[in-house]
Amino acid sequence: MTLDELERYDADAVEYCGDRAVVVGGSVAGLLAARVLADGFDEVLVLERDEVPDEPVQRDGVPQATQIHALLEAGRATIEDCCPGYCESLLAAGGVLLDGARDLRFYDQGGYLADGPRRMPFYAATRPLFEDVLREHVTAGRSVTVQDRTRVTDFLLDDDGDAVVGVERREGTGDAERVPADVVVDATGRASRTPRWLEANGFPAPPVEDVPIDVGYATVAVERPPGGRKTMLAMASAPRTRGEAVFPVEGDRWLVNVHGVAGDHPPADLDGVREFAASLPTDAAATTLSEHEIRGDVHAYRFPSSRRRYYERLDTVPEGLLVVGDALASFNPIYGQGMSVAALEALALHRALAADGTTGLPERFFENAAPVVDHAWEMAVGADAPFAPGNAPVPGRVAAFGRYFDHVMRAAQDDGHLREALMRVIAMQDSPTALVRPRVLRRVAAAEVRNARARRSTTGSALRRLASALGSRFA
Ligand SMILES: Cc1cc2nc3c(=O)[nH]c(=O)nc-3n(C[C@H](O)[C@H](O)[C@H](O)COP(=O)(O)OP(=O)(O)OC[C@H]3O[C@@H](n4cnc5c(N)ncnc54)[C@H](O)[C@@H]3O)c2cc1C
């Protein structure tokens with residue numbers, strides 16, 4: 001489900017739900033869940049293992065934060081609904097507002113997409129800045145408290161063993177302490193231990209799907225002159241295993257990224273990154289690296305597989321236990337959807353609370369969140385299908401969508417309206433089915449006809465040139 005299909009946030013929709021909710025993990029998904037829980041609970045406690053200073057910093061619990069992050073429209077609009085003024089604060093702190101219709105040079109299928117007809121705002125900043133500004137907004141004037149350097153070591157069950165009633169936590173090396181709660185949200189990211197905890201406590205673990213992609217990233221910051229807005233993206237796209245991205249961020253920097261899927265990883269040193277950049281289809285990363293001062297080290301990151309945990313398929317989930325963000329599903333990050341999915345999941349939680357408070361909440365939430373995850377999952381897994389190792393099976397519908405997506409990309413090189421349609425799907429505003437609406441199909445078909453004619457006429461004129469060359473030689 002996408003932004004346009006979901007009922008938006010309504011500040012008055014949630015009634016009193018309980019005394020306390022605990023969110024485990026104070027990253028983007030945890031903060032967004034805390035924000036919507038604050039409408040129904042007297043107190044929302046976010047327990048975070050890392051130290052969280054009052055400024056944007058890289059921290060151990062979010063290693064991906066060294067890599068490029070963009071906030072797409074579904075995430076932007078949803079966060080702005082729940083935290084009015086978020087985008088203004090982001091800009092004031094140096095985040096960059098870009099136009100997805102024109103500023104972003106988007107390379108795929110051998111060419112750049114045409115400019116789109118209408119503005120499509122999106123935001124670029126470092127991941128620590130997105131989170132820092134969000135934390136400010138979520139905690140300001142609300143009943144949300146973030147307690148850092150606090151590790152959650154267990155969930156607590158009631159005497160009957162069928163409802164989660166709190167957590168056990170440890171501050172630093174201190175003793176374990178029990179924290180009662182009406183609702184506990186696991187926002188601990190991809191390494192979530194909830195499936196193991198469920199099994200250890202007599203519940204079934206959710207079915208898990210892992211789709212290998214084996215992507216390696218290397219990212220380096222370079223100096224950006226005042227007003228420099230160069231923004232480009234050339235994702236790895238079959239059969240090309242390599243890609244690149246250049247995004248402006250706060251602090252007058254660009255983040256320059258090179259990446260490779262299916263094990264074709266870039267080296268993690270500057271010379272290696274330059275060499276890798278020289279092998280890419282455009283010179284955007286290479287020239288940005290050579291023309292501007294390097295600001296800092298190369299940061300490498302590896303992402304083995306898109307992973308989804310199907311909690312919605314379980315017959316029994318303990319009352320009071322929810323799972324959000326990367327702990328629920330994490331996708332090949334090339335598509336930049338994680339924070340937006342987390343935002344739409346927060347909206348799903350908001351709607352689940354509004355429907356009937358905490359009664360039957362896990363079931364309702366997982367049901368609401370599943371179609372949100374479906375969208376990002378099918379896009380990422382569909383586009384990655386050609387890279388599946390050993391032709392691992394990808395559902396036919398998903399693989400077919402991936403192939404069709406490539407056709408639309410090609411057609412969008414001459415048609416800004418198709419670029420807009422694509423960008424709206426990528427930004428999770430529209431469902432992928434928007435790409436098979438008659439007017440989109442007509443434009444794709446028209447582009448295919450144009451391209452076929454161009455190919456025929458290129459082949460025809462090449463043949464004519466060859467014939468005349470041959471004729472003059474043998475005359
Ligand atoms: C390379 C890369 C690039 C990406 N680019 C984009 C992008 O452009 N746009 C986008 O929207 N998304 C992007 N994403 C995805 C995005 O980073 C995540 O989806 C988003 O941060 C949400 O993650 P999360 O909050 O669920 O988990 P995480 O960010 O992983 O945070 C989990 C938190 O839980 C804490 N924690 C863990 N265990 C415990 C415990 N026991 N007790 C207390 N705390 C605990 C950790 O310290 C951490 O703070 C990218 C991801 C990667 C890997």
Side-chain angles (χ1 to χ4, degrees), residues 22-34 45-52 57-76 78-79 122-128 130-131 134-135 146-155 167-171 176 179 184-194 196-197 213 215-219 231 233 235 245 247 249 255 257 259 261 299-307 309 323-346 373 376 380 426-428:
V22 162
V23 177
V24 189
S27 182
V28 167
L31 290 169
L32 288 166
L45 209 50
V46 180
L47 304 178
E48 168 53 49
R49 195 174 49 185
D50 282 349
E51 182 178 356
V52 181
V57 289
Q58 172 67 32
R59 51 190 184 82
D60 292 347
V62 189
Q64 75 270 27
T66 52
Q67 304 299 321
I68 289 179
H69 276 69
L71 180 62
L72 307 177
E73 177 57 14
R76 183 210 68 79
T78 308
I79 296 176
F122 78 102
Y123 290 79
T126 63
R127 172 64 176 68
F130 279 123
E131 181 184 307
L134 184 61
R135 192 168 46 249
V146 178
Q147 284 183 2
D148 65 352
R149 286 170 290 182
T150 304
R151 190 162 49 98
V152 168
T153 47
D154 205 356
F155 298 149
V167 297
E168 181 188 85
R169 71 163 182 191
R170 282 171 198 272
E171 263 179 63
V179 183
V184 172
V185 180
D186 172 4
T188 57
R190 188 175 158 91
S192 158
R193 296 165 69 91
T194 296
R196 255 183 286 168
W197 179 88
I213 184 61
V215 52
Y217 274 70
T219 296
T231 313
L233 178 64
M235 300 183 287
F247 275 63
V249 296
L255 292 183
N257 162 276
H259 60 262
V261 301
H299 294 281
Y301 188 87
R302 290 196 172 176
F303 183 91
S305 60
S306 295
R307 176 176 298 163
R309 298 179 173 118
V323 182
V324 298
D326 287 12
L328 191 58
S330 64
F331 321 89
N332 178 353
I334 282 176
Y335 308 106
Q337 295 175 314
M339 296 189 295
S340 294
V341 172
L344 294 181
E345 286 168 6
V373 177
I426 292 171
M428 303 190 67

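Indexing begins at 1, ligand by ligand and atom by atom, following the structure's order.
Across Ala33 and Ala346, no two heavy atoms sit closer than the pair N-CB, 4.4 Å.
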Can you pull every nitrogen or oxygen pair between ligand 1 and the protein closer than 3.5 angstrom?
| residue | atom | partner | partner atom | Å |
| --- | --- | --- | --- | --- |
| ligand 1 | 5 (N) | Ile68 | O | 3.2 |
| ligand 1 | 8 (O) | Ala70 | N | 2.9 |
| ligand 1 | 9 (N) | Ala70 | O | 2.9 |
| ligand 1 | 9 (N) | Gly336 | O | 3.2 |
| ligand 1 | 11 (O) | Gly336 | O | 3.3 |
| ligand 1 | 11 (O) | Gly338 | N | 3.4 |
| ligand 1 | 11 (O) | Met339 | N | 2.7 |
| ligand 1 | 12 (N) | Gly338 | N | 3.3 |
| ligand 1 | 12 (N) | Met339 | N | 3.4 |
| ligand 1 | 14 (N) | His69 | NE2 | 3.3 |
| ligand 1 | 17 (O) | Gln64 | NE2 | 3.1 |
| ligand 1 | 17 (O) | His69 | NE2 | 2.8 |
| ligand 1 | 19 (O) | Asp326 | OD1 | 2.7 |
| ligand 1 | 19 (O) | Asp326 | OD2 | 3.4 |
| ligand 1 | 21 (O) | Arg127 | NE | 3.2 |
| ligand 1 | 21 (O) | Arg127 | NH2 | 2.7 |
| ligand 1 | 25 (O) | Ser27 | OG | 3.3 |
| ligand 1 | 25 (O) | Val28 | N | 3.4 |
| ligand 1 | 25 (O) | Ala29 | N | 3.0 |
| ligand 1 | 26 (O) | Asp326 | N | 2.8 |
| ligand 1 | 29 (O) | Ser27 | OG | 2.7 |
| ligand 1 | 29 (O) | Gln64 | NE2 | 3.3 |
| ligand 1 | 29 (O) | Arg127 | NH2 | 3.2 |
| ligand 1 | 31 (O) | Ser27 | OG | 3.3 |
| ligand 1 | 41 (N) | Val152 | O | 3.1 |
| ligand 1 | 42 (N) | Val152 | N | 3.1 |
| ligand 1 | 44 (N) | Arg49 | N | 3.2 |
| ligand 1 | 47 (O) | Glu48 | OE2 | 2.6 |
| ligand 1 | 49 (O) | Glu48 | OE1 | 2.6 |
| ligand 1 | 49 (O) | Glu48 | OE2 | 3.2 |
| ligand 1 | 49 (O) | Arg59 | NH1 | 2.8 |
| ligand 1 | 49 (O) | Arg59 | NH2 | 3.1 |

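With values rounded to the nearest 0.5 angstrom, Leu31 atom CG is found 8.5 Å from Glu48 atom CD.
Relative to the six-membered ring of Phe303, Arg190 meets both conditions, a distance below 6.0 Å and an angle of at most 45° to the axis.
Proximity of Val28 to Arg127: side-chain heavy atoms (C-beta onward) are separated by under 4.5 Å at one or more points.
Here the side chain of Glu168 pairs no donor or acceptor atom with the backbone of Thr153 at under 3.5 angstrom. Without hydrogens or angle criteria, Tyr217 side chain to Thr66 main chain gives no donor-acceptor distance under 3.5 Å.
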